[in-house]
**Student:** 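Provided herewith is a single structure, encoded as structure tokens, for subsequent inquiry.
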Amino acid sequence: MDYNLIKLIHVIVVLLFLVIYLIKTILLVANKTSGLATFTKVVKVPEMIISTLFLVTGIYMLTQIGASKLLIIKIILVLLSIPIAIIGFKKKNKILAVLSLLMIIMSYGLAEMNKKNIEKQTVDSDVSNVNDPNYDIKKHGESVYIAYCQSCHGTGGTNGAGGADLTISQMNMKTMTEQVKNGSSTMAGFKDVLNEQEVNAVVVYVLTLKK
Ligand code: HEC
């Protein structure tokens, strides 16, 4: 199965999950008890499908990108929010219902937090000069990597703080170029700070890290 397709399904499912949750919480907080009962009944089956997909795609992604500290905190938040939500809705406890919703939103926010503004770094001009007859795209890529990527992805692509393990990435030149330029749910895109040559170089370098 294609990782990007699974991820897309995961993101859609998470959004649907959040929408259902938000509507339920609003109905509960607004004391619309019969409305809540009707809505809960209507979404019962879709919700079961959504939760299953949420879990299955999430686990698949976890096996592919490895668990970073941030991801573990996210997972704990989501897992904790489930029993809190169940109790909250069963006992019609507004505080618990809102709390569980906040926990889910927070875990989403944690992912966004990782996308801090990227500052332009200086890359050694000895390796970045394409007109130099000794220009080596991998060396150039490595210095771009050290300047921009290593903080999250770690030395040599493994066990960084919060980034995916790049040595097991299944991406190819094209999809990885996309990822670096546009980012993803938890990684900022670099198209405004890196030029085409730098993007190419860093992708060529990262592809050499594959086990
Ligand atoms: C602020 C932290 C951070 C920085 C800086 C960062 N990344 Fe990432 N990167 C992540 C996270 C988190 C993921 C997992 C995201 C996901 O799957 O949506 C990721 C995923 C990736 C992936 C996808 C791996 C896969 O197979 O799913 C690639 C490739 C990648 N990063 C390359 C880079 C490169 C190249 C740079 C530097 C130009 C970089 N990253 C900088 C956090 C970062």
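Remember, it's 1-based here, ligands and their atoms both numbered in the order they're listed. Here, residue 1 is the first one in the sequence, and each next residue gets the next number.
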**Student:** Suppose we only count N/O/S atoms under 2.8 Å; would Met187 qualify as near atom 8 (Fe) of ligand 1?
**Tutor:**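 Yes, since at least one N, O or S atom of Met187 sits under 2.8 Å from atom 8 (Fe) of ligand 1.
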**Student:** Nearest to atom 8 (Fe) of ligand 1, which N, O or S atom of His153 do we find?
**Tutor:**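 Result: NE2.
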**Student:** Side chain, backbone, both or neither: which applies to Ile168 and ligand 1 if a contact is any heavy-atom pair less than 4.0 Å apart?
**Tutor:**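 No part of Ile168 is near ligand 1 at this cut-off.
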**Student:** Strictly by ring-ring contact (aromatic ring centres under 6.0 Å, His included), give each pair with a member in residues 191-211 just once, sequence neighbours left out.
**Tutor:**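 Found Tyr145-Tyr205.
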**Student:** Treat each ILVMFWY residue as a node, draw an edge where side-chain heavy atoms are under 4.5 Å apart, and state whether Leu77 and Leu15 are in one component.
**Tutor:**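 They do not share one cluster, since no chain of ILVMFWY contacts under 4.5 Å joins Leu77 to Leu15.
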**Student:** Suppose I only count heavy atoms of Met176 and a 4.0 Å limit; which atoms of ligand 1 are within that range?
**Tutor:**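 By the 4.0 Å cutoff, the relevant atoms are 29 (C).
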**Student:** Which atoms from ligand 1 have a heavy atom of Ser184 less than 4.0 Å away?
**Tutor:**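 So the atoms of ligand 1 that pass are 15 (C), 16 (C), 18 (O).
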**Student:** Is Val43 reachable from Val19 through a run of hydrophobic residues whose side-chain heavy atoms are each under 4.5 Å from the next?
**Tutor:**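 Yes, it is one cluster - the side chains of Val19 and Val43 are joined through contacts under 4.5 Å.
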**Student:** Is there a continuous path of hydrophobic side-chain contacts, each under 4.5 Å between heavy atoms, that joins Val29 to Leu102?
**Tutor:**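 Both belong to a single hydrophobic cluster.
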**Student:** For atom 20 (C) of ligand 1, which of the options Lys181, Glu198, Gln150, Gln179 provides the nearest non-hydrogen atom?
**Tutor:**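 It is Gln179 that holds the nearest heavy atom.
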**Student:** What about Val13 and Leu22, same hydrophobic cluster or not, with Ile/Leu/Val/Met/Phe/Trp/Tyr joined at side-chain heavy-atom distances under 4.5 Å?
**Tutor:**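 The answer is yes; both residues are in one hydrophobic cluster.
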**Student:** Keeping to residues at least two apart or across chains, list the salt bridge (charged side-chain N to carboxylate O under 4.0 Å, His left out) pairs with something in residues 21-40.
**Tutor:**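 Applying salt bridge (charged side-chain N to carboxylate O under 4.0 Å, His left out) to every pair that reaches into residues 21-40, excluding sequence neighbours, yields Lys24-Glu47.
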**Student:** Of the backbone atoms (N, CA, C, O) and the side-chain heavy atoms from C-beta on, which set of Ser169 has a member under 4.0 Å from an atom of ligand 1: side chain, backbone, both, or neither?
**Tutor:**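 Both parts.
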**Student:** Out of Ser151, Cys149, Ala164, who is nearest to atom 34 (C) of ligand 1 when you count heavy atoms only?
**Tutor:**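 Result: the heavy atom closest to atom 34 (C) of ligand 1 is in Cys149.
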**Student:** In terms of atom number and element, which parts of ligand 1 are under 4.0 angstrom from non-hydrogen atoms of Lys7?
**Tutor:**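 Counting atoms of ligand 1 from 1, those under 4.0 Å from Lys7 are 16 (C), 17 (O), 18 (O).
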**Student:** Just which atoms of ligand 1 are under 4.0 Å from any heavy atom in Val180?
**Tutor:**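 Selected atoms, number and element: 35 (C).
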**Student:** Classify the ring geometry of Tyr135 against His140: parallel below 30°, tilted from 30° to 60°, perpendicular beyond 60°.
**Tutor:**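 Tyr135 vs His140 ring planes: perpendicular.
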